[in-house]
Each structure stands twice: as C-alpha cells, then as structure tokens.
J.: 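A single structure is presented below for examination.
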Amino acid sequence: MLGSFVVMYLFLGGCGAGVLLVAAAWSLLFHRTRTRSRAQSRAFDGLMGILAAIAFVLLAVSAFCLLLDLGRPQRFFLLFTRPTPSLLTFGSFVLLASLGVSGVLAAAHLVAPRVVSEPLRIALEGAAVVLAFALMVYTGLYMALMEAVPLWNNAALPVLLALSSASSGVAVVLLAAPFVRDSALLGGWTEALRRVHRVVLLLEAGALVAFLALALAGPFARPALAVLLAPEGAGPWFAVGFAGLGVIVPLAAEGARALLRVPATLQVVEVLCVLGGLILRFCLVAAGSHWLG
C-alpha cells in the first residue's frame with residue numbers, strides 16, 4: 001500500500017516536473033522572440049533562475065520522500081546501482097536526471113548567467129522539457145498500472161494526474177512571477193500563460209469526468225469509488241477540495257477574469273490549484289486503501 005511519503009513523492013515530483021516543463025518551454029519560446037528588449041531579457045533570466053531553483057527544490061524533496069519511504073538508504077541507491085526493468089526504476093532515473101538539469105539551469109541563470117553558451121542553454125532546456133514531460137507521465141502511470149487496485153487501474157487516471165501536475169506547475173510559475181524584479185515587463189507572457197492554464201484546467205475537468213465514468217462502469221472499482229465520493233469518507237475532500245476548489249473554481253475565476261478583462265491581482269486561484277493536486281492524490285490513496293482493506 002502507498003504511504004504518505006510515496007504520495008508526497010508523486011505529488012512533489014509531478015509538481016516539480018510541471019514547473020520545470022513550463023519554465024524550460026517558456027524560455028525556449030522567449031529566446032526565439034526577436035522583439036524582446038534587454039530589460040525584458042534581464043527580467044526573464046531572473047525569473048528563469050528562480051523557477052529552475054524551485055523545480056530543483058521540489059524534485060529534491062520528492063527524492064527525499066522516496067528515500068524515507070524505502071526506509072534504508074541502501075535500498076534507494078540500489079535503484080541506481082542495480083537497476084531492474086521496472087516503472088519505479090525508470091521514474092527514479094528520470095527524477096535524478098531532471099534534478100540534475102534543473103540544478104544546472106538554476107546555477108546557470110542565478111550564478112553564472114554569461115558562462116553558458118546559447119547552444120548549451122538550448123540543449124539543457126530541450127532536455128528539461130523531455131525529462132519533465134516523462135516525469136509527469138510517470139507519476140500518473142505509477143498508480144494507474146497497479147492492477148490490484150481497480151480504482152487506480154483506470155485508463156483516464158494517468159491523464160488526470162499528468163494534467164494535475166501540469167496545472168500545479170503552471171500555478172507555481174504564476175505564483176513566482178510577480179516577485180521577480182521588473183516582472184511587469186513580462187506581463188504579456190504571463191497573460192499568455194494564464195490562457196494556457198485555462199486550457200489545462202479545462203482538460204483536467206474533462207479527464208476527471210472520464211475517470212469517474214470509467215470507474216462507475218467498472219464493477220470492481222465501484223466500492224472504492226463509493227468511498228471516494230462518500231460524505232463520511234473522502235467525498236468532501238475530493239468533491240470540494242479537489243474538484244471544486246482545485247479545478248472548477250479556478251477555471252470559473254480565470255474564465256470570468258478573461259471575459260471581464262480584469263487584471264489578475266490575487267493569487268488565490270494558483271494556491272487552490274496546487275492544494276487541489278495534493279488533495280487529489282491523498283483521496284485516491286485513501287479510497288484505494290479501503291479496497292485493499
């Protein structure tokens with residue numbers, strides 16, 4: 001059975017991967033823009049360094065949670081010294097590689113911004129996009145491929161968890177952006193990122209509906225689904241904490257803000273998205289635990 005440390009490992013790994021993916025993809029697009037000013041470039045380089053550092057910290061804490069779950073440090077190192085063909089081994093190597101790339105990017109932008117050449121930066125950010133995407137998919141597949149738990153063995157679950165990681169990643173980027181010097185110069189880019197976030201939230205809502213429909217259609221998944229939705233079980237947390245506050249409210253708030261053309265001032269929506277991703281994973285594990293007894 002998955003413990004709390006594994007839940008945090010998967011959540012922080014997915015969120016960190018989301019931050020790394022968004023930051024690296026944004027950087028690749030930003031540096032292809034010929035109309036950017038020097039002031040905008042300085043502001044973005046500062047933001048990129050902070051985002052890479054945030055991703056590094058999240059991924060490092062994720063790896064530490066895996067170490068704590070394994071119990072003994074030697075078991076953790078055996079994943080790398082004596083790898084076996086398993087999903088956990090794949091995820092561990094991708095996590096380690098993502099950790100290394102995010103650390104190098106953070107150091108390159110914050111410590112020695114002029115040392116890294118343009119081709120090397122592009123290569124590092126391209127690798128970051130690939131590794132981060134693989135890590136996001138892995139954190140979704142980790143639970144979905146456990147056939148012993150019918151609620152998790154759901155074709156829509158990897159998509160739901162990957163989109164949840166993406167939403168959390170975008171939310172963290174939007175939370176960090178205003179605290180960077182001259183962040184107002186990047187206003188057009190952050191507004192475009194908010195539009196991307198709306199699309200991700202909409203896809204996440206669709207994946208949630210598909211997950212519930214498939215679980216309801218599966219006779220073996222229904223008992224755990226009942227626990228997931230029961231008022232005396234995980235229902236309030238899942239329905240209100242994740243579906244309501246983590247998906248529907250942010251989607252409605254961002255949609256209303258776009259229609260009314262109101263500038264983003266409060267960052268409550270982003271905080272709710274991050275908390276919603278964490279609540280989702282804990283609720284799924286709690287419902288799965290009931291199935292396993």
Side-chain angles (χ1 to χ4, degrees), residues 1-21 24 55-56 58-102 127-169 203-204 207-208 210-211 214-215 218 220-221 224 228 277-278 280-292:
M1 185 53 217
L2 301 185
S4 297
F5 286 127
V6 174
V7 176
M8 293 303 298
Y9 156 66
L10 294 174
F11 168 70
L12 292 172
C15 184
V19 175
L20 183 60
L21 175 64
F56 178 82
L58 290 173
L59 295 173
V61 177
S62 173
F64 183 66
C65 288
L66 176 60
L67 174 62
L68 292 176
D69 181 76
L70 293 173
R72 294 179 296 176
Q74 56 268 36
R75 295 178 62 188
F76 178 79
F77 293 113
L78 282 174
L79 288 172
F80 304 102
T81 57
R82 296 182 182 178
T84 58
S86 67
L87 187 61
L88 179 60
T89 300
F90 169 79
S92 300
F93 273 95
V94 172
L95 174 60
L96 184 64
S98 301
L99 193 61
V101 170
S102 61
V129 170
V130 174
L131 289 169
F133 180 77
L135 188 56
M136 287 169 54
V137 173
Y138 157 74
T139 57
L141 287 174
Y142 185 89
M143 292 178 66
L145 293 181
M146 293 187 181
E147 297 181 359
V149 185
L151 181 66
W152 301 346
N153 192 224
N154 184 310
L157 185 59
V159 180
L160 175 61
L161 293 178
L163 288 170
S164 172
S165 296
S167 176
S168 297
L203 293 173
E204 188 178 2
L208 174 59
F211 167 75
L214 290 174
F220 295 109
L228 184 65
L278 179 60
L280 168 64
R281 287 155 178 82
F282 271 108
C283 287
L284 289 172
V285 169
S289 303
H290 181 273
W291 167 263
L292 293 175

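Values in this document were obtained by computation on a predicted structure and should not be read as measured data. Just so you know, residue 1 is the first one in the sequence shown, and it goes up from there.
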J.: Taking the side chain as every heavy atom from C-beta outward, state whether V137 and P158 have any pair of such atoms under 4.5 Å apart.
T.: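 The answer is no, as the side chains (C-beta and beyond) never meet within the 4.5 Å cut-off.
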J.: According to side chain to side chain donor-acceptor pair (under 3.5 Å), does anything in residues 158-167 pair up with another residue at least two apart or in another chain? List the pairs.
T.: S164-R281, S165-R281, S167-H197
J.: Side-chain contact test, heavy atoms from C-beta onward, threshold under 4.5 Å: evaluate it for M143 versus V285 and give yes or no.
T.: yes
J.: List the atom of S4, the atom of F282, and the distance in Å for their closest heavy-atom pair.
T.: OG-CE2, 4.1 Å
J.: State, yes or no, whether a side-chain contact exists between L135 and L59 at a heavy-atom distance under 4.5 Å.
T.: yes
J.: Answer whether the closest heavy-atom distance between the side chains of M146 and N153 falls below 4.5 Å.
T.: no
J.: Who pairs with V61 by side-chain contact (heavy atoms from CB on, under 4.5 Å), at least two apart in sequence or on another chain?
T.: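 Testing V61 for side-chain contact (heavy atoms from CB on, under 4.5 Å), a comparison that skips the adjacent residues, returns L12, V57, C65.
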J.: Go through the steps for V6 and L66 under the test side-chain contact (heavy atoms from CB on, under 4.5 Å), then give the verdict.
T.: CA-CA 6 Å; V6 174; L66 176 60; 5.7 Å; no
J.: Please examine the side chains of L284 and L157, heavy atoms only from C-beta on, and report whether any two atoms are closer than 4.5 Å.
T.: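 L157 reaches L284 side chain to side chain.
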J.: Under 4.5 Å between any side-chain heavy atoms of T89 and S86, yes or no?
T.: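 T89 vs S86: side chains touch.
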J.: Would a 4.5 Å heavy-atom cut-off, applied to side chains only, mark L278 and M8 as touching?
T.: yes
J.: Minimum heavy-atom separation for V149 and G288, please, with both atom names.
T.: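 Result for this residue pair: CG1-CA, 3.8 Å.
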J.: Are the side chains of L161 and F211 in contact, using a 4.5 Å heavy-atom criterion?
T.: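 Not in contact.
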J.: Which heavy-atom pair separates A128 from V101 by the least distance, and what is that distance?
T.: CB-CG1, 3.7 Å
J.: Taking all non-hydrogen atoms of both residues, which atom of L228 and which atom of C283 are closest, and how far apart?
T.: CD1-O, 3.6 Å
J.: Is it the case that over 12 heavy atoms from other parts of the model lie below 6.0 angstrom from the CZ atom of F5?
T.: no
J.: Just verifying a value: how many Å separate L280 CG and L10 CG, rounded to the nearest 0.5 Å?
T.: 11.0 Å
J.: Could you grab the distance from atom CG of L20 to atom CE of M136, nearest 0.5 Å is fine?
T.: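 Output value for this atom pair is 10.5 Å.
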J.: Determine the minimum heavy-atom distance between C15 and S168, stating which atoms define it.
T.: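 Looking at all heavy atoms of both residues, the closest pair is SG-CB, 3.9 Å.
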J.: Which pairs, with at least one residue in residues 129-151 and sequence neighbours excluded, count as a side chain to side chain donor-acceptor pair (under 3.5 Å)?
T.: Y9-Y138
J.: So which heavy atom on A215 is nearest to which on N154, and how close?
T.: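 Here A215 and N154 meet closest at N-ND2, 3.5 Å.
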